[in-house]
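For the single chain, residues carry numbers from 1 onward in sequence order.
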Amino acid sequence: MAMAWASYLETGIEVIDQQHMRIVDYINRLEQAIDGADQRAVGRVLNELEDYCLSHFAFEESLQQQVGYKFAAEHKSTHENFTKRLTKYRERHKAGEDVARQLHAMLGSWLVHHIKRDDMAYVSDLKGGIEKQSGDWLTRSVAGFFGKNA
Ligand SMILES: [Fe+2]
Ligand SMILES: [Fe+2]
């Protein structure tokens with residue numbers, strides 16, 4: 001069953017929510033690849049998902065630093081641990097192992113847990129920071145990390 005976006009996942013910061021929705025899309029594309037028993041598609045989604053997550057993480061980390069978020073270092077290491085797990089899945093997939101279902105389950109639960117527990121924790125600091133910055137600060141930051149893919 002496709003993972004649905006839900007209001008309890010909303011941070012209220014539009015650019016962040018859009019990025020999280022895009023990660024949900026990747027998780028659903030992975031499910032389609034599983035349903036189609038298409039290992040090449042699994043590999044493609046895995047690569048794109050990893051790329052996108054790295055941009056999203058770098059974006060969040062940069063905003064946190066710029067607003068002086070107290071737990072920026074902890075948040076960064078949570079991202080890094082997740083990235084390491086993704087890399088291991090990618091390596092196992094490359095070695096011919098069918099990791100897609102396991103990966104799919106991990107992604108869904110990690111994302112929900114991370115947004116609810118870790119991302120929500122920086123929201124009020126970030127919102128406070130946004131108010132202090134000049135007009136297009138967020139837009140410029142998005143462009144810096146996502147370029148044309150924003
Ligand atoms: Fe996030
Ligand atoms: Fe995060």
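With rounding to the nearest 0.5 angstrom, the CD atom of Glu10 is 13.0 Å from the CD1 atom of Ile16. We find the CZ-CG distance between Arg85 and Leu107 to be 9.0 Å, quoted to the nearest 0.5 Å. To the nearest 0.5 Å, the span separating CD on Glu61 from OG1 on Thr78 amounts to 9.5 Å. Taken from CG in Leu49 to CZ in Arg90, the straight-line distance is 11.0 Å, to the nearest 0.5 Å. Here CE of Met3 is found 8.0 Å from NE2 of His104. Values are rounded to the nearest 0.5 Å. Atom CZ of Arg29 sits about 4.5 Å away from atom CD of Glu48, to the nearest 0.5 Å.
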Evaluate the side chain to side chain contact (heavy atoms under 4.5 Å, CB included) criterion for residues Ser141 and Trp137: first the C-alpha distance (whole Å), next the side-chain angles of each, then the deciding distance (0.1 Å), finally the verdict.
CA-CA 6 Å; Ser141 300; Trp137 174 64; 4.0 Å; yes
Apply side chain to side chain contact (heavy atoms under 4.5 Å, CB included) to residues Leu63 and Leu138 and explain how you reach the verdict.
CA-CA 9 Å; Leu63 295 183; Leu138 262 190; 3.8 Å; yes
Could you walk me through whether Tyr8 and Val112 pass the side chain to side chain contact (heavy atoms under 4.5 Å, CB included) check?
CA-CA 9 Å; Tyr8 68 85; Val112 168; 4.2 Å; yes
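Here the side chains of Cys53 and Ile23 are in contact, with some heavy-atom distance below 4.5 Å. Side-chain atoms of Gln39 and His93, non-hydrogen and from C-beta on, do get closer than 4.5 Å to each other. Within the 4.5 Å cutoff, no side-chain heavy atoms of His114 are placed close to those of Phe82. You'll find the side chain of Asp38 stays beyond 4.5 Å of the side chain of Val42, heavy atoms only. Contact of the Ile27 side chain with the Val45 side chain is not registered, since no non-hydrogen atoms from C-beta on lie closer than 4.5 Å. Residues His75 and His79 form a side-chain contact, since some pair of their non-hydrogen atoms from C-beta on lies under 4.5 Å apart. In this structure the side chain of Phe71 never reaches within 4.5 angstrom of the side chain of Gln64, judged on heavy atoms. Between Leu103 and Leu46 the shortest side-chain heavy-atom distance falls below 4.5 Å.
Ion pairing between a basic and an acidic side chain is recognised when a charged N comes within 4.0 Å of a carboxylate O; Lys84 and Glu80 show no such pairing.
Applying the salt bridge (Lys or Arg N to Asp or Glu O under 4.0 Å) test to pairs two or more places apart or on separate chains, none has a residue in residues 106-132. The ring pair (Phe, Tyr, Trp, His ring centres under 6.0 Å) pairs that include a residue from residues 22-43 are Tyr26-Tyr52, where partners are two or more places apart or lie in different chains.
Just one of Tyr69, Tyr122, Phe145 meets the side chain to side chain contact (heavy atoms under 4.5 Å, CB included) condition when paired with Glu60; it is Tyr122.
For His56, the ring-ring contact (aromatic ring centres under 6.0 Å, His included) partners are His20, not counting sequence neighbours.
Around CZ of Arg101, the count of heavy atoms belonging to other residues, nucleotides or ligands within 6.0 Å does not exceed 12. The number of heavy atoms from other shown groups lying within 6.0 Å of CD (Gln65) does not exceed 12.
Using modelled atom types, one finds a donor on one side chain and an acceptor on the other under 3.5 Å when comparing Ser62 with Gln66.
When all heavy atoms are compared, the tightest approach of Gly12 to Asp17 is N-OD2, 3.0 Å.
Side-chain heavy atoms closer than 4.5 Å link hydrophobic residues (I, L, V, M, F, W, Y) into clusters, and following such links, even through other members, never connects Leu54 to Leu111.
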